[in-house]
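Notes for the one structure printed next.
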Amino acid sequence: GAVVSQHPSWVICKSGTSVKIECRSLDFQATTMFWYRQFPKQSLMLMATSNEGSKATYEQGVEKDKFLINHASLTLSTLTVTSAHPEDSSFYICSWGGYTEAFFGQGTRLTVV
Amino acid sequence: AQKVTQAQTEISVVEKEDVTLDCVYETRDTTYYLFWYKQPPSGELVFLIRRNSFDEQNEISGRYSWNFQKSTSSFNFTITASQVVDSAVYFCALSEASPHKLSFGAGTTVTVRA
């Protein structure tokens, strides 16, 4: 299957700072990206969908000004959590939307202290 | 409305027992895709299977098997002769389109005791 590289794997940051998470496809190109969030002991919930060259579409309840998505190219997407707060502590995982399969990154565990 | 229901929150078994995880889905589309993923404590999602709505054949892969029944909107997953390494959270997911945007069930935590 396709390889998706997501980093960092984990990050601890201070409240009020911003954190950038990168998601890179290593062996294929795709126009569509999905970002999911998973709170402890909960399921994965879709945050946003982005297409290369256009603005991301955010799910209801997700603040677009807080979670900035940059779909820079067909192989790179970034999620920036701006002015992070402890309630943003979560597991973030990206997925490149394939037509035969969904390809997930390894995930990033964010802890805001 | 929740599209994927995994009614079992936690299952605990002794090694070598069989485990069946239930998944019930809801969709109005005639074309859709169903997935199962394993999430070990490290967090990454391990792809187990993808099934499209036109393929109702059951599938077996080693100790894993899947039973897809459109009549009951279910896509159940069985682990035969469970092992400690099978301990993880298992998610059932539904995609109603391509590229695949997934709606996940709540997950079932499987604990296999030696």
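Below, all heavy atoms of this structure are taken into account, side chains as well, without hydrogens, waters or symmetry copies. Predicted model only: the values in this text are computed from it and were never measured. Below, chain A is the first sequence line, B the second, and so on; all start at residue 1.
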Practice item. Scan side-chain atoms only and decide if A/E52 and A/Q29 contain a donor-acceptor pair under the 3.5 Å cut-off. Key: no

**Study point:** Engaged part of A/L44 at the chain B interface, taking heavy atoms whose separation is under 4.5 Å
**Key:** both

**Study point:** Plane angle bin for B/F75 and B/W36 - parallel if under 30°, tilted between 30 and 60°, otherwise perpendicular
**Key:** tilted

Point to revise | Toward chain B, the part of A/Q6 with a non-hydrogen atom under 4.5 Å | key: neither

Exercise for review: Check whether A/T49 gets within reach of chain B through its side chain, its backbone, both or neither, counting any heavy atom under 4.5 Å.
Suggested key: side chain

Practice item. Decide whether A/T31 and A/N51 meet the rule of one side-chain donor and one side-chain acceptor closer than 3.5 Å. Key: no

Point to revise | B/S42 portion near chain A, given a 4.5 angstrom heavy-atom threshold | key: backbone

**Study point:** Under 3.5 Å: donor-acceptor pair, side chain of B/E96, backbone of B/Y33
**Key:** no

